[in-house]
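See structure below.
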Number of protein chains: 2
Amino acid sequence: MNLKQLSHMLALSQTTVSRALNGYPEVNEETRRRVVDAAKRHGYRPNPSARRLATGKTGMIGYVLPTGTTVDIDPHFVEFLSGLGDYARSHELDLVLSPADADDQETTYRRIVANRQVDAVYISSPRPADRRVALVNTLGIPFIVHGRSEGFDFDYPFTDIDNEGAFHEAARLLVQLGHRRLALINGDDRETFAIHRERGVRRALAASGLVLRDQHVCSLTMTEENGYRAARRLLEQSDAPTAIACSSLIMALGVVRAVRDLGLTIPGDLSLIAHDDVFPWLKPENFSVPLSTTRSSIRLAGARIAERLAARISGLEEGARGEVWPVDLVVRGSVAGAPA
Amino acid sequence: MNLKQLSHMLALSQTTVSRALNGYPEVNEETRRRVVDAAKRHGYRPNPSARRLATGKTGMIGYVLPTGTTVDIDPHFVEFLSGLGDYARSHELDLVLSPADADDQETTYRRIVANRQVDAVYISSPRPADRRVALVNTLGIPFIVHGRSEGFDFDYPFTDIDNEGAFHEAARLLVQLGHRRLALINGDDRETFAIHRERGVRRALAASGLVLRDQHVCSLTMTEENGYRAARRLLEQSDAPTAIACSSLIMALGVVRAVRDLGLTIPGDLSLIAHDDVFPWLKPENFSVPLSTTRSSIRLAGARIAERLAARISGLEEGARGEVWPVDLVVRGSVAGAPA
DNA sequence: CAAAATCACCAAAGCGCTTTGGAAGACTCT
DNA sequence: AGAGTCTTCCAAAGCGCTTTGGTGATTTTG
């Protein structure tokens, strides 16, 4: 059932039927009812390929997926996707993942924009002066950045959490508890979020005349194994930290294992605070010693970004407004006063 | 730069240019070279929207993503995606995720097929007599099932791992080590993979005149918390098992925690084998006691399924061939002889 | 009451590609 | 040399929608 057939059986022109269906004003309400009714009865759905050729609108949002045999997709992605998908569904948007060589995403961005394959894109895990952000900005496709980049001569729209504030609060608490030697087990420090978190910790320490020593900060991809390694390296130093702030729950698993291997205890010998993106399958309260966390649902962020993308596509949102969400500090058993 | 312009500057018809570019035989090789060369020089790329309207081919593979505020996407998905994406990239395929109400995916499948939004789809986490499989089979779109369904009067193409064999082997090993009371901490037993795993364990036990008692099998979604709960329930029974087979590494984390909480040890009091889908961020060899596993890379499965989908789209693969991959049994420190 | 404005509709021209149905010229064969 | 066969190309017809640029009929205005 296509437009031609439908308009023929209604004895109307394609123009009128199309307009009736798309809510244009220049059609009699009575006629519109007839059309809408007939369309529903016959299950008419405009062919998206045709519509897309005519209008350029696709009803899809895009994401360039870095791939490669040695490239791992962040496990956070799936949780983000839950939120994004949940919102997208309610607005009849699909998500297209365009796999790209991790070392050459530009080609793919250019392709999906030149071909008008999607109405908008989002960018995640941005770095300072991220080339992708500059690129999509000049390409002129609507976009939202999940996280923040820095150092451009233009503004851009983003949704981020207050990573600096979160880790500032976490570190401040630890300092207040008497800790003098703090360490940070961070994610990849080429990414902005990691830089912000480190900055937060440093600022909190500085406020008490302390410093974050270089050998007390580790930046690694967020795996259990790296958490373990980092923790061992830190805890076997002569001036081992008495408290650790950790960028991910998965790494925290490794930290806990290292602590146990070394015959230490939490929070007796070491206080631990980790960032929690809120996974359904791994909860900080279920750690052997319930884990204090800075908490922010990455799923909510996904939903929010879908919402903003939809708004930008339909022209409801404009400009380069960035939004920064506050992060909860949730205190549980893994923190205590510094050991004597 | 579109076809019209390009053909005009070549003083050729659109027909010839189109055919030259698409490798049709009825064009002079010399002409083809000229055309291909000019196309490259001017960066001509056929508009996919137009092509898809004309041919119906989209260059995209589809996946219906069940969503909802209470619906969690399986963390395995992201690893599967890595493999799929890596292959898809090399074949210029994009992946479109169509979010659907988890309770009504049928509407979405019908839509993407009716609208010809994708060239093929894949289905994951199938259940016995899975309606999605029956649906896509009748809708006539190329598809591959990741995993297996059962109980149809038709065959269908799938790629699955030998879940039954894997857990049969695991259980057999445990029995050989003298264990008489085995337990199974399984995933959601409405899904085929869980049923097969249970079957494998039962078969191994039966071969030695043993049975898997009902109170020794737990079927839950695969979270750390559920692993913990299941393990506690099992180990606090009067006839607690001396060995556990576990369907996921994430659940195994919970099992290990429960064992520790109860003051027991692995493998002294309990032998443990878990299934490992091979995540980069959580490795069985890094458990406090290195974990024995049945191992199969879900990432490889993703790549394989992309490969088969591409083959079916291009007509290279036909028929309903199902393939079943063997699973490695990797023995590490978490298994030992049954306690006296 | 004539002129202007509004209403409700339509024919046809895109959007940019693929594919059908030739057709002209070159080549082969008897 | 004439018929048949390739080879190589083209004009034009889709694919199914949106949108432009109207046209009569009806209502409003000065």
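A note on names: the letters A, B, ... follow the listed sequences, proteins ahead of strands, and every chain is numbered from 1.
One can place NE2 of His8(B) at 11 Å from P of dA11(D), the figure rounded to the nearest angstrom. dT7(D) atom P lies 11 Å from atom CD of Glu26(B), rounded to whole Å. Atom CG of Leu21(B) and atom P of dC17(C) are 10 Å apart (whole Å). Straight-line distance from the CG atom of Leu3(A) to the C1' atom of dA12(C): 14 Å, rounded to whole Å. Atom CG in Asn115(B) sits roughly 12 Å away from atom P in dG16(D) (whole-Å rounding). We find that NZ of Lys4(A) is positioned 12 Å from P of dA11(C), with the value rounded to whole Å. Counting to the nearest Å, the P atom of dC15(C) and the CG atom of Leu53(B) are 14 Å from each other. Atom CZ of Arg116(B) and atom P of dG16(D) are 9 Å apart (whole Å).
Tyr24(A) has a side-chain polar atom (N or O) that falls below the 4.0 Å cut-off from OP1 or OP2 of dT19(D). The phosphate of dC17(D) (OP1 or OP2) has no side-chain N or O of Ser18(A) nearer than 4.0 angstrom. The phosphate of dA8(C) has OP1 or OP2 within less than 4.0 Å of a side-chain N or O from Asn28(A). At dT18(C), one or more side-chain N or O atoms of Asn22(B) fall inside 4.0 Å of OP1 or OP2 (strictly under the cut-off). The shortest distance between the side-chain N/O atoms of Tyr44(B) and the OP1/OP2 oxygens of dG16(C) is not below 4.0 Å.
At a threshold of 4.0 angstrom between heavy atoms, the contacts of Ala20(A) with the nucleic acid are absent. Using a 4.0 Å heavy-atom distance criterion, Arg52(A) is classed as making no nucleic acid contact.
For Ala54(B), whose side chain is taken as the heavy atoms from C-beta onward, the closest listed nucleotide among dG14(D), dC10(D), dG16(D) is dG14(D). The listed nucleotides are dT8(D), dC9(C), dC17(C); the one nearest the side chain of Val27(A) is dC9(C).
Nearest-nucleotide positions on DNA chain D for Thr16(B) and Ser49(A) put Thr16(B) closer to the 5' end. Comparing Gln14(B) and Pro46(A), the nucleotide of DNA chain D nearest to each residue sits closer to the 5' end for Gln14(B).
Residues Ser49(B) and Arg116(A) have side chains that never bring a donor and an acceptor to within less than 3.5 angstrom of each other. Side-chain atoms of Thr67(A) and Arg89(B) include a donor-acceptor pair closer than 3.5 Å.
Classification of the Tyr63(A)-Phe77(A) ring pair by plane angle, with boundaries at 30° and 60°, yields parallel. By the 30° and 60° cut-offs, the orientation of the rings of Tyr156(B) relative to Phe152(B) is perpendicular.
On a pure distance criterion of 3.5 Å, a polar donor-acceptor pair joins the side chain of Thr15(A) and the base of dT19(D).
Note that NZ of Lys57(A) and CZ of Arg51(A) are 12.0 Å apart. Values are rounded to the nearest 0.5 Å.
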